Participant: 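Mind looking over this structure? Questions follow.
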Amino acid sequence: MDDRQSEALRLLKDIRHINHLIEQLQEDIDKIYTALTNTTVKPKEIDVQTSLPPDPMADKVAQVVEYQAQLQDYQDELIRRKTIALKIIKQMDIDKQQLLLLRYFKGYSVEEVGNKSGYTYRWAWEKIHQAEEDFIAIYEKTT
């Protein structure tokens, strides 16, 4: 496989991977929000301290802010890559469009694509491979 073919497939695989990263980050953010809202505040005895005690809630809020910044970066990159890929996919047969969208944009496994499209695993794998080859060919002509 030459560099252009690798580049084309990398584009599709990156879309799937970034989608997965976004889902993971969103889950992490949701967990932190849940932990923050389930935290009960207990009054503390007054102690004289020379430094401030660690504030776990502030740390969690800072973590959420960091995750949200990462999330925005991933979303921006995903939009950029999807825009490029969709310009190519729109030039393909509708059946092949569907296969690539399910596999790479929705993140379905080959088996799930087969079930959704009415193909056995083997046929789904072959059809996806053919769709990828068409994607590569169009990618090489247009970029």
Side-chain angles (χ1 to χ4, degrees), residues 1-44 47 49-143:
M1 186 178 297
D2 68 19
D3 289 342
R4 302 286 291 156
Q5 291 173 334
S6 296
E7 193 177 308
L9 284 180
R10 174 62 37 210
L11 175 64
L12 290 173
K13 290 177 181 177
D14 284 350
I15 288 169
R16 184 182 169 131
H17 180 69
I18 293 169
N19 271 329
H20 181 70
L21 291 174
I22 287 171
E23 289 171 4
Q24 283 181 314
L25 265 176
Q26 193 58 57
E27 286 175 15
D28 291 344
I29 290 169
D30 291 346
K31 285 178 188 173
I32 293 170
Y33 275 137
T34 300
L36 284 172
T37 57
N38 289 341
T39 302
T40 57
V41 178
K42 298 176 185 172
K44 295 182 180 180
D47 288 333
Q49 296 180 343
T50 57
S51 64
L52 293 173
D55 186 351
M57 288 187 74
D59 292 342
K60 289 196 180 299
V61 170
Q63 192 175 17
V64 166
V65 170
E66 180 184 327
Y67 283 171
Q68 286 176 330
Q70 275 184 308
L71 187 62
Q72 186 61 52
D73 290 344
Y74 285 144
Q75 288 170 335
D76 292 343
E77 183 62 19
L78 184 62
I79 289 168
R80 189 183 73 72
R81 291 178 189 258
K82 279 185 171 182
T83 301
I84 295 166
L86 282 172
K87 286 179 184 176
I88 296 167
I89 290 172
K90 285 180 181 180
Q91 299 175 48
M92 300 171 65
D93 295 336
I94 193 79
D95 293 339
K96 291 179 180 180
Q97 288 179 20
Q98 178 76 9
L99 293 171
L100 293 182
L101 291 174
L102 288 173
R103 179 78 173 125
Y104 293 105
F105 283 57
K106 297 267 187 188
Y108 285 18
S109 67
V110 173
E111 185 176 5
E112 290 170 322
V113 171
N115 291 340
K116 201 78 159 151
S117 305
Y119 297 120
T120 63
Y121 177 88
R122 175 87 175 142
W123 276 101
W125 185 86
E126 287 181 21
K127 295 289 187 183
I128 290 168
H129 184 70
Q130 290 170 0
E132 289 170 344
E133 287 177 347
D134 286 1
F135 182 89
I136 291 167
I138 297 168
Y139 180 90
E140 289 175 337
K141 290 178 194 172
T142 59
T143 60

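Since the model is a prediction, treat every value here as computed from it, not as a measurement.
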Participant: Mind checking side chain to side chain contact (heavy atoms under 4.5 Å, CB included) for L86 and listing every partner two or more places apart, or none if nothing turns up?
Facilitator: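 L86 satisfies side chain to side chain contact (heavy atoms under 4.5 Å, CB included) with L101, F105 once adjacent residues are dropped.
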Participant: When rounded to the nearest 0.5 angstrom, what is the spacing between CD1 in I89 and CG in D134?
Facilitator: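 Rounded to the nearest 0.5 Å, the CD1-CG separation comes out at 11.5 Å.
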Participant: Would you check if there is a donor-acceptor pair between the side chains of D76 and Q72 at a distance under 3.5 Å?
Facilitator: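 Yes, D76 and Q72 have a side-chain donor paired with an acceptor closer than 3.5 Å.
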Participant: Distance check, rounded to the nearest 0.5 Å: I15 atom CD1 versus L11 atom CG?
Facilitator: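 I15 atom CD1 to L11 atom CG measures 4.5 Å (nearest 0.5 Å).
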Participant: Locate the shortest heavy-atom distance separating A131 from M92; write the atom from each residue and the value.
Facilitator: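 Here A131 and M92 meet closest at O-CE, 3.2 Å.
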Participant: Scan residues 122-143 for pairs that pass ring pair (Phe, Tyr, Trp, His ring centres under 6.0 Å), counting only residues two or more places apart or in two chains.
Facilitator: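 For residues 122-143, and leaving out neighbouring residues, the ring pair (Phe, Tyr, Trp, His ring centres under 6.0 Å) pairs sorted by first residue read W125-H129.
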Participant: Stepwise, does the side chain to side chain donor-acceptor pair (under 3.5 Å) test hold for D28 with Q24?
Facilitator: CA-CA 6 Å; D28 291 344; Q24 283 181 314; over 6 Å; no
Participant: Going by atom types only, do D59 and Q63 share a side-chain donor-acceptor pair under 3.5 Å?
Facilitator: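 No, no side-chain donor-acceptor contact under 3.5 Å.
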Participant: Starting at CD1 of I88, measure out to NZ of K141 and round the result to the nearest 0.5 Å.
Facilitator: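 Reported value, rounded in 0.5 Å steps: 11.5 Å.
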Participant: Can you name the nearest heavy-atom pair linking I18 to Y74, along with the distance?
Facilitator: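 Minimum heavy-atom separation between I18 and Y74: CG2-O, 3.5 Å.
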Participant: Decide yes or no on side chain to side chain contact (heavy atoms under 4.5 Å, CB included) for N19 and R16, but give the supporting numbers first.
Facilitator: CA-CA 5 Å; N19 271 329; R16 184 182 169 131; 5.7 Å; no
Participant: Apply side-chain hydrogen bond (donor to acceptor under 3.5 Å, both in side chains) to Y121 and list each qualifying residue two or more places apart in sequence or on a separate chain.
Facilitator: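 Checked Y121 against side-chain hydrogen bond (donor to acceptor under 3.5 Å, both in side chains); zero matches.
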Participant: What closest approach, in Å, do G114 and A124 show between heavy atoms, and which atom pair accounts for it?
Facilitator: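 Residues G114 and A124, closest heavy atoms: CA-CB, 3.6 Å.
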Participant: If you round to the nearest 0.5 Å, how far is CG of L25 from CD of E23?
Facilitator: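 Output value for this atom pair is 11.0 Å.
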Participant: Please evaluate residues L102 and E112 with respect to the criterion side chain to side chain contact (heavy atoms under 4.5 Å, CB included), reporting the C-alpha separation (whole Å), side-chain torsions for both, the decisive distance (0.1 Å), and the verdict.
Facilitator: CA-CA 9 Å; L102 288 173; E112 290 170 322; over 6 Å; no
Participant: Run the side chain to side chain donor-acceptor pair (under 3.5 Å) check on Y104 and E132 step by step: do they pass?
Facilitator: CA-CA 11 Å; Y104 293 105; E132 289 170 344; 2.2 Å; yes
Participant: Can you name the side-chain hydrogen bond (donor to acceptor under 3.5 Å, both in side chains) partners of H17, sequence neighbours left out?
Facilitator: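 Testing H17 for side-chain hydrogen bond (donor to acceptor under 3.5 Å, both in side chains), a comparison that skips the adjacent residues, returns none.
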Participant: Sequence neighbours left out, what passes side-chain hydrogen bond (donor to acceptor under 3.5 Å, both in side chains) with K82? Give chain and number order.
Facilitator: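 None.
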Participant: Which value, rounded to the nearest 0.5 Å, describes the distance between L12 atom CG and I128 atom CD1?
Facilitator: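 Spacing of CG (L12) from CD1 (I128) equals 11.0 Å.
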Participant: So, E7 and R10, do they make that salt bridge, N to O below 4.0 Å?
Facilitator: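 Salt bridge flag = no for R10 with E7.
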Participant: From Q130 CD over to D93 CG, what is the distance, rounded to the nearest 0.5 angstrom?
Facilitator: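 Going from CD on Q130 over to CG on D93, the span is 10.5 Å.
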Participant: Between T37 and T34, is there a donor-acceptor pair closer than 3.5 Å when you use the side chain of the first and the backbone of the second?
Facilitator: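 Yes: the side chain of T37 pairs with the backbone of T34.
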Participant: Take K87 and T142 through the test side chain to side chain contact (heavy atoms under 4.5 Å, CB included) and record every step on the way to the result.
Facilitator: CA-CA 9 Å; K87 286 179 184 176; T142 59; over 6 Å; no
Participant: Any salt bridge (charged side-chain N to carboxylate O under 4.0 Å, His left out) pairs touching residues 114-129, not counting sequence neighbours?
Facilitator: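 Counting only pairs at least two positions apart or across chains, the salt bridge (charged side-chain N to carboxylate O under 4.0 Å, His left out) contacts touching residues 114-129 are R122-E126.
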